[in-house]
Protein chains: 2
Amino acid sequence: MDSPRKRTSTAQPRAPADHAERFRRVRDAHQSETAEDYVEIIAELIGEKGEARLVDLAECFGVTKATVNNTIQRLQRDGFVTSEPYRAIFLTDKGRKLAAASRERHLVVRDLLISLGIDPETAEADAEGIEHHVSKTTLEAFRRHLAKQRRPRD
Amino acid sequence: MDSPRKRTSTAQPRAPADHAERFRRVRDAHQSETAEDYVEIIAELIGEKGEARLVDLAECFGVTKATVNNTIQRLQRDGFVTSEPYRAIFLTDKGRKLAAASRERHLVVRDLLISLGIDPETAEADAEGIEHHVSKTTLEAFRRHLAKQRRPRD
DNA sequence: CAACTAAGTTAGCTGTAGCTAAGTTAGGTT
DNA sequence: AACCTAACTTAGCTACAGCTAACTTAGTTG
Ligand SMILES: [Mn+2]
Ligand SMILES: [Mn+2]
Ligand SMILES: [Mn+2]
Ligand SMILES: [Mn+2]
């Protein structure tokens, strides 16, 4: 007598306090967040050093190797990476796709912040959190704004 | 032989892959997030209906009453709210302060998104997640941008 | 004033994400 | 070939944040 998951989905005339759906989306974003950051960094490491080792990830995220190990197992379970005991970590196709999209979005968010006059250091830091909450629509708007900036008078 | 918390803090010449600190900040933001959203909504409910009831919060966040109950206990433990069994929930001074700051920031973030041409619906939704990752510096830049927009030629 | 119901509470479960401590393995050095 | 050590794994813990199911209370209503 309590399950809050269903929502009539009939696109009602504007429910009073329709906060719930928004908060649900934020919670969803938090779920995807770890995967997005991991595959992005893994792709980066593979690009830079040829392979992604657990110890590099630990250093990169500022967590212990044990934590990374757990996370990698979850990512493997969810089909983003493959890895055999004591070996490097690889991306699946699904992982590579997510990595590419995440990287793109990350850069757009960072550049947008910079375009608003924020210093690159802060922009990079804030982008790391903001990126996961930027919808397709908003990302598009960010891209448009950047394009406009680049050629002010067209 | 593994604790990743310390960082020499000597402000080194730019460590290679200084990602760690950024991710730490994102994790911190996630910790404060629940408190920020709750006090904001509680303040809103008190403003609108005179009091904030557990059942309203549950509806608002789209979670069960049991979940809200847990959260309120944590918020009480952390000094943001007071509440006695079967009674309404009130904000402490600390809670009211956090609520005011959160609301302010929320509005700035939302308005900034709108000012970039994003529809209010999407802006509101994305702001709900983004707000928690916007630093003081970035918030200031957002405010500046909004001021500039409002009076285009000064 | 009794009874019903909505609101709130409690107990007990799940999964994520972090940690420490202790053990194992792979691969380079001698 | 043996050995060291860094890399990795495992086990076992914590807190947060969600859930269901069952229970209790407060307040309204007949
Ligand atoms: Mn990123
Ligand atoms: Mn990120
Ligand atoms: Mn929020
Ligand atoms: Mn908010």
Side-chain angles (χ1 to χ4, degrees), chain A residues 1-6 20-21 23-38 41-42 45 49-78 80-90 129 132, chain B residues 1-6 20-21 23-38 41-42 45 49-78 80-90 129 132:
Chain A
M1 191 101 330
D2 217 5
S3 63
R5 280 279 138 168
K6 16 88 178 315
E21 196 47 43
F23 285 111
R24 244 188 281 276
R25 287 193 37 208
V26 175
R27 289 195 293 272
D28 281 357
H30 285 154
Q31 291 254 302
S32 342
E33 194 158 336
T34 305
E36 290 165 359
D37 285 336
Y38 266 72
I41 298 289
I42 290 169
L45 286 169
K49 321 180 133 193
E51 58 175 12
R53 306 291 324 204
L54 197 141
V55 70
D56 301 320
L57 290 168
E59 139 109 83
C60 204
F61 287 113
V63 299
T64 62
K65 292 175 288 172
T67 296
V68 174
N69 205 48
N70 283 337
T71 306
I72 292 299
Q73 277 172 22
R74 245 176 293 129
L75 293 181
Q76 188 155 26
R77 180 200 62 191
D78 297 341
F80 294 109
V81 307
T82 61
S83 89
E84 287 169 69
Y86 296 99
R87 290 276 137 71
I89 294 141
F90 301 98
H132 310 281
Chain B
M1 191 102 330
D2 216 6
S3 62
R5 281 278 137 168
K6 16 96 176 315
E21 196 48 42
F23 285 111
R24 245 188 282 275
R25 286 192 39 209
V26 175
R27 289 196 294 271
D28 281 357
H30 285 154
Q31 291 255 301
S32 342
E33 194 159 336
T34 305
E36 290 165 358
D37 285 336
Y38 266 71
I41 299 289
I42 291 169
L45 286 168
K49 320 179 132 194
E51 59 175 11
R53 306 290 325 203
L54 197 142
V55 70
D56 300 320
L57 290 168
E59 139 109 84
C60 203
F61 287 114
V63 300
T64 62
K65 294 175 290 171
T67 296
V68 173
N69 205 48
N70 283 338
T71 305
I72 292 299
Q73 278 172 20
R74 245 176 294 128
L75 293 181
Q76 188 156 25
R77 179 199 64 189
D78 297 340
F80 294 109
V81 308
T82 61
S83 89
E84 286 169 73
Y86 296 98
R87 291 277 137 70
I89 295 142
F90 301 98
H132 310 281

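Chain letters run A, B, ... following the sequence lines, proteins first and then strands; every chain starts at 1.
One atom, CD of B:E51, and another, P of D:dA26, lie 15 Å apart when rounded to the nearest Å. With rounding to whole Å, B:L54 atom CG is found 16 Å from D:dT25 atom P. The nearest whole Å value for the distance from the CG atom in B:L45 to the P atom in C:dA7 is 14 Å. In this structure, A:I72 atom CD1 and C:dT16 atom P are separated by 14 Å, rounded to whole Å. Rounded to an integer number of Å, the gap from NE2 of B:H30 to C1' of D:dC16 is 13 Å. C:dG8 atom P lies 7 Å from atom CD1 of B:I89, rounded to whole Å. The distance between atom CG of B:D28 and atom C1' of D:dC16, rounded to the nearest whole Å, is 15 Å. Between A:R27 atom CZ and D:dC16 atom P there is a gap of 17 Å when expressed in whole angstrom units.
Residue A:T71 is classed as having no contact, given no heavy-atom separation below 4.0 Å to the nucleic acid. If you check every strand for non-hydrogen atoms under 4.0 Å, A:Q73 touches sugar and phosphate atoms only.
Out of D:dT10, D:dG18, C:dA7, the shortest distance to the side chain of B:V63 is found at D:dG18. Considering only the side chain of A:A66, D:dT10 comes nearest among D:dT10, C:dA7, C:dT10. You'll find that the side chain of B:T64 is closest to D:dT20, out of C:dT20, D:dT20, D:dA7. Set against C:dC19, C:dG8, D:dC19, the side chain of A:N70 has C:dC19 as its closest nucleotide.
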Step-by-step side-chain contact (heavy atoms from CB on, under 4.5 Å) determination, B:H132 to A:V26 = CA-CA 11 Å; B:H132 310 281; A:V26 175; 5.7 Å; no

task = Decide yes or no on side-chain contact (heavy atoms from CB on, under 4.5 Å) for B:F80 and B:I42, but give the supporting numbers first.
result = CA-CA 11 Å; B:F80 294 109; B:I42 291 169; over 6 Å; no

query = Can B:I72 and B:L57 be said to form a side-chain contact (heavy atoms from CB on, under 4.5 Å), step by step?
reply = CA-CA 10 Å; B:I72 292 299; B:L57 290 168; 4.0 Å; yes

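Considering only side-chain N and O atoms, A:N69 lies nowhere under 4.0 angstrom from the phosphate OP1 or OP2 of D:dC8. Distances shorter than 4.0 Å separate some side-chain N or O of B:R77 from OP1 or OP2 on D:dC16. OP1 or OP2 of C:dG27 has at least one side-chain nitrogen or oxygen of A:R87 nearer than 4.0 Å.
Interatomic distance, B:I41 CD1 to A:F23 CZ, rounded to the nearest 0.5 Å: 4.0 Å. Here NZ of A:K65 is found 12.5 Å from CD of A:E59. Values are rounded to the nearest 0.5 Å.
Between B:Y86 and A:Q31, the residue anchored closer to the 5' end of DNA chain C is B:Y86, taking for each the nucleotide with the nearest heavy atom. Remark on DNA chain C: of its neighbouring residues A:E33 and A:P85, the 5'-side contact belongs to A:E33, judged by nearest-heavy-atom nucleotide.
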